[in-house]
Amino acid sequence: WVDGGYTVEAMVARAAYDTRRINVSQKETQSDVLAGSALIFKGVPSLLELRQFRPRNRPLQISHASTARLHALQLNTHHCDEAKGRVYAWFPQWDEGSKRGVTAVVVGANGLLREIMADSLFSEDDFYSDVLGFEILSSKTGKAVAEALISIFERRGIKEYYFVGTDAVSSNIGYAEGAIAYLRRHQKQICIFALRCNGHIDMRAWRKCLQATGTEATRSPIKRKADEATIVGELLAIEDLYYIEKKDPALAAAMQERLPNGETLLKTSGCPDSRWTFWEELLSNKVGCTTIMSRLMKLWRRAVLKSYAERKVEIDESAVPEDKPLLGDSVSLRIVMVVVAEDEWHRRDFDFSLVIGDQNEAIRWMHFCDAYTGSWILDHLDVALDKLGGEGVREALEEGGALHEEGATWAPPADCPVSALTSETLPGLLLDVGSLYMRVRWVAWEVIGNAYVMPYLHRKEMRYPGIAFDAHEIIGSQRDIGVLFGDPADIWTVDKVEKLSEKFGVALDAALRYAQQVEMEEYMAEFIDTCMLEHSEYHLEQTEEWWSNPVFRLAGVAATCEDRQSEYHGAAHAEWLVEQGRPELRAALAEVLHVRASEVKEAIESPSYDGPLVIIADDELWAQLVLFSKQSLTLEKCTGVDELRAVLHRHYKPLYLTNVWMEELVKEFKNLTPQARAHPSSAEVRIMLKQRAKPDPMGSPSMPQLKAIRRRLGHHLPSRLRPKRERPAELPPIVWQGVPPTDEDGEEE
């Protein structure tokens, strides 16, 4: 408290404290205010001094909680005012979400804190990321979303953008009445491109794989209600088993007993509809072929490190992460036997007589796996059979599934707390859990989801400036595996897959070894081939735009790949662009935008256009692109292309490949209390302050700036608790009249 008011530093501390948990009500936040060490009151005046500052002309004295809320709004307004003039190359992203009938669009954006010129280098401190806000939607249509976006952009002072990121749904990317089409009309700029979320593409491809290769559910569900959407039989069975485990402590305890010391039952996060990552985690935790593989990798890693120690080879163990278990090394059989003998849990699962050679000969990872005689999946499925089915269930299954025959009654255990598990529903579940065909399909799905889909998804979700430059290599390495499985003239093998992805190749080998144990190796290979074909067809189709759309090929020009012979080298992308020629590139852009090539030419050659396609329109930049296409160095190390490098860094540095962080922001909206959702203006500020970088890149305002902001917001008035927000004028219903694209002829050129 200084001179009759709170200091700016105190306001910032209070705002940070209040927004640490935005889903907690204001009243509850006040109850533990003393826990905030940064909120110790300093310089509190006496009662006599306080009376001198008491307002005399206000009809109502507001509470200190409301005062703190207004202070937070003032601080946020200062940040937004500063960002208007300091941030360049905006890249907005958004996502929609609903909670209890209330639908909102949440918007965020990346940018640069200074304009990158030809003679300047990019620094990580120049990168800017912030939440722009959210708006409640009247309906989830392209027009409603566009109106909300324009309202937010106008409040934040965003006037120019050439890329937007969103999910690939028609209400967003529809060329006629999608939200982006409305934005193009509003901006009077047709060259605004959608960066579709590659995370959603990955998950939809895997969902398509699960749905297409699964079998029809033929029994009544235990977890799901009759009116819920049905799923394929394999997912229904593993979901029911997980549901029973959560409800039955005795079953969970029995499963825990079958785990090595130090391991605990893993809980599956999310829900069945959360981007399908739920199924990947559930299969890994309950079936666990990749879990067994991870255990063996840790054993092998210990053997390799012990071998290094005996040979006095210096190596920093901390520099060798567990996901890099040194599979390419050879280790003496003697050392491997010692390491396995020291492991009480696994030593009974190895038979080294299966390895040809004496103890002094070195063996490789493949031979180590050959010596493993234990199960290649977890014991959870067998534990469930024993606990739920009791004695005799295995014999009944081996006799051809007599659980449903007349006279065969299988009732759940008397102590089972799951009321939905009855003598009518239990036999169907036991048949599914005990079926070898079901287990083989589970293992195949687990291996594909955990070792193929998830690693690439997580790599695409990495958020760092310039990830768009590496997009072709990241997406292309995944496409290469899809091409291998989709080529009818080429038969996939584990060795071929390992050359493209070691983790996926090793996991496929584990799946085939399990199938060999149950004598279903041929069926496993055919099923994996079917699953990968279903996944690859969709994934290849949806990611083709990175190779056919010139605006995305321009991002590859600044790639970090240093191998000139690789198709992912920047000069290779530049060479492709030069070979196409400027007329063909404009025709390709016209096809993407559903306009004529002459309209694209007019748009990018306009004096007001300053987007990435200026490289195609400007003669000097095009000449630098031609020059670089003949080089062997990366764009960063090449000389004579400074202007080209500056344009690419200016427009592509802020881009992200996925829209995942928007989903995280949508969850912040859904976590708001009903009271908070009833006051969207305050809730918006709390979300923004919570997600904002610390310390604030725009700095703290001075007291004169705060006073000016107060008067502008009307916080000096008695009615300051209810600020008005004006909505923009409605957009016309028809935004863009698309026409079929045409090739550019010689006269137009």
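Since the structure is predicted, the reported quantities are computational estimates derived from the model, not experimental observations.
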Undergrad: Suppose we screen for ring-ring contact (aromatic ring centres under 6.0 Å, His included). Which residues come up paired with W546, at least two apart in sequence or across chains?
TA: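 ring-ring contact (aromatic ring centres under 6.0 Å, His included) list for W546, sorted by chain: H472, F552.
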
Undergrad: Do you know which two heavy atoms are closest between A181 and A176, and how far apart they sit?
TA: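 The answer is CB-O, 3.8 Å.
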
Undergrad: Test Y452 against H535 for ring pair (Phe, Tyr, Trp, His ring centres under 6.0 Å), laying out the working first.
TA: CA-CA 11 Å; Y452 173 61; H535 180 281; 5.1 Å; yes

Undergrad: Salt bridge check, R156 against D130: does any charged N sit closer than 4.0 Å to a carboxylate O?
TA: yes

Undergrad: F469: which residues meet the ring-ring contact (aromatic ring centres under 6.0 Å, His included) condition with it, sequence neighbours left out?
TA: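 Scan of F469 (ring-ring contact (aromatic ring centres under 6.0 Å, His included), adjacent residues dropped) gives H649.
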
Undergrad: Only one of Q478, R479, E544 passes side chain to side chain donor-acceptor pair (under 3.5 Å) with H539; say which it is.
TA: Q478

Undergrad: Taking all heavy atoms of Q93 and all of N110, pick out the closest pair and write down the distance.
TA: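 It is OE1-ND2, 4.2 Å.
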
Undergrad: How would you list, by chain and number, every residue that makes a ring-ring contact (aromatic ring centres under 6.0 Å, His included) with F485, sequence neighbours excluded?
TA: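 Here the qualifying residues are W492.
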
Undergrad: Does K694 NZ have over 12 foreign heavy atoms under 6.0 Å away?
TA: yes

Undergrad: With under 30° as parallel and over 60° as perpendicular, where do the rings of H651 and Y162 fit, or are they tilted in between?
TA: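 H651 and Y162: perpendicular rings.
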
Undergrad: Could you give the side-chain donor-acceptor pairs of residues 80-92 under 3.5 Å, partners two or more places apart or in another chain?
TA:
unit_1 : atom_1 : unit_2 : atom_2 : d
D81    : OD1    : R712   : NH2    : 3.2
D81    : OD2    : R712   : NH1    : 3.1
D81    : OD2    : R712   : NH2    : 2.9

Undergrad: Which atom pair, heavy atoms only, marks the closest approach of I192 to L183?
TA: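 Smallest heavy-atom distance, with atoms named: CD1-O, 4.3 Å.
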
Undergrad: Are any of the side-chain nitrogens in K208 or E541 under 4.0 Å away from the carboxylate oxygens of its partner?
TA: no

Undergrad: Run the salt-bridge test on E602 and R596 with the 4.0 Å N-O cut-off and return the result as yes or no.
TA: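 Judged by the 4.0 Å cut-off on N to carboxylate O distance, E602 and R596 do not form a salt bridge.
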
Undergrad: Ring centres under 6.0 Å, that's the criterion: do Y464 and F127 meet it?
TA: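 Aromatic pair excluded; centres sit 6.0 Å or further apart.
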
Undergrad: Kindly write out the residues that satisfy ring-ring contact (aromatic ring centres under 6.0 Å, His included) with H79, not counting sequence neighbours, or none if the list is empty.
TA: Y128

Undergrad: Which residue pairs pass the salt bridge (charged side-chain N to carboxylate O under 4.0 Å, His left out) test with at least one member in residues 612-623, sequence neighbours excluded?
TA: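 The answer is R582-D619.
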
Undergrad: Quick check: do C191 and I604 have side-chain heavy atoms less than 4.5 Å from each other?
TA: yes

